[in-house]
Number of protein chains: 2
Amino acid sequence: MARTAHSGALVQHPDHPKAMVSIRDVSIAAGVSIATVSRAIGNPDRVSKATREKVLTVVEALGYSPNLVARSLRSQQSKLIIVLVTNIANPVLSGCIRGIEKVAQGLGYSVLLGDTQNDDVIEARYLNLLSARQADGVIQLSYRQHGKVDELILNSNPDAAVVNACACLDAAPCPSVGVDDVGAARAMTEHLLGLGHKRIAVMTGPDESPHSRDRMFGYRLQLRAAGIAFDDALVIRGEFTMKSGSEAAAKILDLKDRPTALFCFNDEMAIGAIQKLTSLGLRVPQDISVAGFDDIPFSAYANPALTTIYQPAEEMGAVAMRLLDQKLSGETEIRTVTLPTELRVRQTTAPPGTP
Amino acid sequence: MARTAHSGALVQHPDHPKAMVSIRDVSIAAGVSIATVSRAIGNPDRVSKATREKVLTVVEALGYSPNLVARSLRSQQSKLIIVLVTNIANPVLSGCIRGIEKVAQGLGYSVLLGDTQNDDVIEARYLNLLSARQADGVIQLSYRQHGKVDELILNSNPDAAVVNACACLDAAPCPSVGVDDVGAARAMTEHLLGLGHKRIAVMTGPDESPHSRDRMFGYRLQLRAAGIAFDDALVIRGEFTMKSGSEAAAKILDLKDRPTALFCFNDEMAIGAIQKLTSLGLRVPQDISVAGFDDIPFSAYANPALTTIYQPAEEMGAVAMRLLDQKLSGETEIRTVTLPTELRVRQTTAPPGTP
DNA sequence: TGCAAATATGAAAACGTTTACCAGTCGGGA
DNA sequence: TCCCGACTGGTAAACGTTTTCATATTTGCA
């Protein structure tokens, strides 16, 4: 079933690299003008049935495929979009990318991957591809502040099509898709409170991260709703990595009046924390409950399986791509889409004092 | 320090979308010809110092950046390369991609991500970008048979620059980078034998995968070296996923004369297997040792931490990109690079009969 | 049958670069 | 003083499309 456009092997000299066949070659071979070939391919109804078939036969025979660079130059759109990401190894982000790709495929776009490694210079270099017309739009997946993107939008390229996903929902002056971090964090906090926990520590990521901020806000909101005072001593700061989670977890033991639960703001942290806590002799969840956020594929297979919040990563990507396409198609309305999350209770949370 | 090329905010009307500035605008503003502007940017030594500075000042002032599409059309190279991958969520592959990107950056390339989802049609569509001149080369990361790539190389586009990474070392008619799967599998088998295991089951992926084949070969080789007969009953077939590993692990219990060790041909499988074995009441490693392959970041944090083979994913990507660049620069020699692996003994393997 | 309208095709411009070729200028050696 | 080479910089072609405009042909209808 999978036919490529290349069946041209028949007509080429095996010992002599075949020059690229251009629209001109097709027009000559078919005995029509270049314009007609172009139309037969791109506007089939603007040409007679007979001509169209003749042209398409020749196209097939020569193995012609239109030079997309020339097409881009002429039509002023590249059908390429850039996905900016801080770390492609992050499962949420890679899930997102997958969703983007799937939809991009269907809409005729290809995706240019920009792994910025959180570096302004690299990010700027990618954004420059926009001004250089090598790409039509950008999907920003970074957790980081999107300084350059703002600058780009506001100053340099008013046409710039930018969509934000997985981050910065409120601040972004562009279409966005994400989840309700505040509500999800409330749900998890409520779950822990419901189990009977009174002292719930949280492990948060960098302060600049909107995820840190929003999840913290949800946690505090739900605490207040339950009539429990927020205690800053129960806040552990780290980064959204397993390593950091592991390191930061050691601090739990130093706390006087040790918390009975730990809510980590992403799964990697939680996994790192559990590893450390376990190695320090605490049993999860008997001695301390641990919860995560994201539901990366691994969490369900961790031992014990991690209680967490599911985020529809792939769907976020899909929506982001659709939003970008709409923007590129002239849509001016700035839409913000919020996707539902889901609390997934597994084995790392239990009532305090479980034997 | 991160300066974009766009400081043009000063000279534009805030209420009136600025049209893209072209080389012609620069030439007029600088009072020189288009050719001179082009030279000032691309061949600085071909213009006088005074002219060069004048031009560059104007470039800066207008916020000009060359249209890369036009440049591509003229110079017949896009500075884009395609990375074909079956599943971006695979940690080894995403590590590879990261390595590719880093090197690509330095060499002036951008990377077009092709998540083929193991679909021939999608793969063909991406490869078509090559013939369509929207990309200069391809790095194939797939574990799968690279049928289309072969076809492409052999039939359609003799110039096509293709590099293979992480797979198919021997079969590929193109520069390749990978690890010694056979040797690594021997090392792991030797480790298990050294612990005293006599009955070692293996869990393998799809038969078509060169990884399945080579790792199996290494396993059998080392078995033979130890004078132990290969027993086909100890081979469990599955896919390289946690889910499959979990499902397949159940078969272990059905075996009469149960093996004391299980060597999974990748970490995801191993993690899935451990989860299932544990839930069935077997202790790892006391009742059964389990080993993986890849050393994905997660493995070190699993509980218990997984004994596995480390693969330098990021470096494989880096090497692949360098090989591709060499090929694009006219290098004709087909080189095959094999990177070293490393046995990492952690907690999931122990002598049989450990209490 | 004749004429307007629709249809089919071609010629050529345009997209924004890079570069081959050419011409002018300047300096230095004979 | 004259000529030749080095150095600058301009003109225009080329890259491969798409699309506007114009023209030729066919169709439809009275």
Side-chain angles (χ1 to χ4, degrees), chain A residues 5 19-56 58-59 62-80 108 128-136 159, chain B residues 19-56 58-59 62-79 108 128-136 159:
Chain A
M20 211 50 175
V21 15
S22 80
I23 197 173
R24 148 154 275 122
D25 302 320
V26 176
S27 78
I28 294 173
V32 297
S33 77
I34 288 180
T36 301
V37 176
S38 176
R39 280 188 282 248
I41 292 171
N43 288 73
D45 1 331
R46 315 270 320 154
V47 88
S48 76
K49 184 154 176 277
T51 320
R52 187 190 330 144
E53 283 169 358
K54 181 173 54 180
V55 170
L56 292 182
V58 174
V59 163
L62 297 185
Y64 167 71
S65 59
N67 182 317
L68 294 181
V69 173
R71 177 180 288 176
S72 289
L73 178 60
R74 168 64 214 213
S75 62
Q76 301 287 57
Q77 54 168 337
S78 61
K79 283 297 188 176
L80 253 36
N128 193 48
L129 294 182
L130 263 198
S131 346
R133 293 296 190 214
Q134 196 166 52
D136 296 339
D159 316 315
Chain B
M20 212 40 152
V21 13
S22 80
I23 198 175
R24 147 153 277 120
D25 301 321
V26 176
S27 78
I28 294 173
V32 297
S33 78
I34 288 180
T36 301
V37 176
S38 176
R39 280 189 281 248
I41 292 171
N43 286 72
D45 1 330
R46 316 265 317 154
V47 303
S48 73
K49 183 151 175 280
T51 321
R52 187 190 330 143
E53 283 169 359
K54 182 172 55 179
V55 170
L56 292 182
V58 175
V59 164
L62 296 184
Y64 166 71
S65 58
N67 182 316
L68 294 181
V69 174
R71 177 179 290 176
S72 289
L73 179 59
R74 168 64 214 213
S75 61
Q76 301 286 54
Q77 57 167 335
S78 62
K79 283 299 189 174
N128 193 47
L129 294 182
L130 263 197
S131 346
R133 293 295 191 212
Q134 196 166 50
D136 297 338
D159 317 314

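Residue numbers begin at 1 in each chain, while the letters A, B, ... track the order of the sequences.
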Next on the checklist: Of the options D:dC15, C:dC15, D:dT17, whose atoms approach the side-chain atoms of A:Arg71 most closely?
Outcome noted: D:dT17
Checklist entry - Does the base of D:dG10 carry an N or O that pairs as donor and acceptor with the side chain of B:Arg39 under 3.5 Å? => result yes
Checklist entry - Rounded to the Å, how far apart are B:Lys79 NZ and C:dT18 P? => result 14 Å
Item to check | Length of the line joining A:Arg24:CZ and D:dT17:C1', which is rounded to integer Å | outcome: 12 Å
Checklist entry - Do the side-chain N or O atoms of A:Ser33 get closer than 4.0 angstrom to the phosphate oxygens (OP1, OP2) of C:dG10? => result yes
Item to check | Nearest-Å distance for atom pair CG/C1', residues A:Asn67 and D:dT18 | outcome: 13 Å
Item to check | Atom-to-atom span, CG of A:Asp25 to P of D:dT17 - whole angstrom | outcome: 9 Å
Item to check | Donor-acceptor pair, side chain of B:Asn43 and main chain of B:Asp45, under 3.5 angstrom | outcome: no
Next on the checklist: Expressed as a whole number of angstroms, how long is the span from B:Arg46:CZ to D:dC7:P?
Outcome noted: 9 Å
Checklist outcome for this item: Considering only heavy side-chain atoms of A:Gln76, the closest of C:dC15, D:dT8, C:dT19 is C:dC15
Checklist entry - Just wondering, do B:Gln76 and B:Arg74 contact through their side chains at under 4.5 Å, heavy atoms? => result no
Checklist entry - What's the closest nucleotide to the A:Thr51 side chain, out of C:dA11, C:dT17, C:dA8? => result C:dA8
Next on the checklist: Contact between A:Val59 and A:Val55 at the side-chain level, heavy atoms closer than 4.5 Å - yes or no?
Outcome noted: yes
Checklist entry - Does the side chain of A:Ser72 get closer than 4.0 angstrom to OP1 or OP2 of D:dT17 through an N or O atom? => result no
Checklist entry - Counting side-chain heavy atoms from CB outward, which of D:dT18, D:dG10, C:dA11 is closest to A:Ile23? => result D:dT18
Next on the checklist: Can you tell me which nucleotide in D:dG10, D:dT17, C:dA11 comes closest to the side chain of A:Pro66?
Outcome noted: D:dT17
Checklist entry - Between D:dC7 atom C1' and B:Arg52 atom CZ, what is the distance in whole Å? => result 13 Å
Item to check | From CZ (A:Arg133) to CE (B:Met20), nearest 0.5 Å | outcome: 4.5 Å
Next on the checklist: Of the options C:dT9, D:dA12, C:dT17, whose atoms approach the side-chain atoms of A:Ser48 most closely?
Outcome noted: C:dT9
Checklist entry - With respect to the side chain of B:Arg74, which nucleotide from D:dT19, C:dT19, D:dG9 is positioned closest? => result C:dT19
Item to check | Sugar-phosphate, base or nothing in reach of A:Val32, heavy atoms under 4.0 Å | outcome: sugar-phosphate
Next on the checklist: Heavy-atom count check: over 12 atoms from other residues, nucleotides or ligands less than 6.0 Å from A:Arg52 CZ?
Outcome noted: yes
Item to check | Short side-chain N/O contact from B:Ser75 to OP1 or OP2 of D:dC15, under 4.0 Å | outcome: no
Next on the checklist: If I take atom CG in residue B:Leu73 and atom C1' in nucleotide C:dC15, what distance separates them, rounded to the nearest angstrom?
Outcome noted: 9 Å
Item to check | Point-to-point distance, once rounded to the nearest 0.5 Å, from CD of B:Gln134 to CG of A:Leu68 | outcome: 4.5 Å
Item to check | Nucleotide D:dC15, atom P - distance to CD of B:Gln77 in whole Å | outcome: 16 Å
Item to check | Of the listed nucleotides C:dT9, C:dT19, D:dT17, the one nearest the side chain of A:Ile34 | outcome: D:dT17
Item to check | Closest-nucleotide ordering on DNA chain D, the 5'-leading residue of B:Ala70 and A:Ser38 | outcome: B:Ala70
Checklist entry - Are A:Thr36 and C:dT9 close enough that a side-chain N or O sits under 4.0 Å from OP1 or OP2? => result no
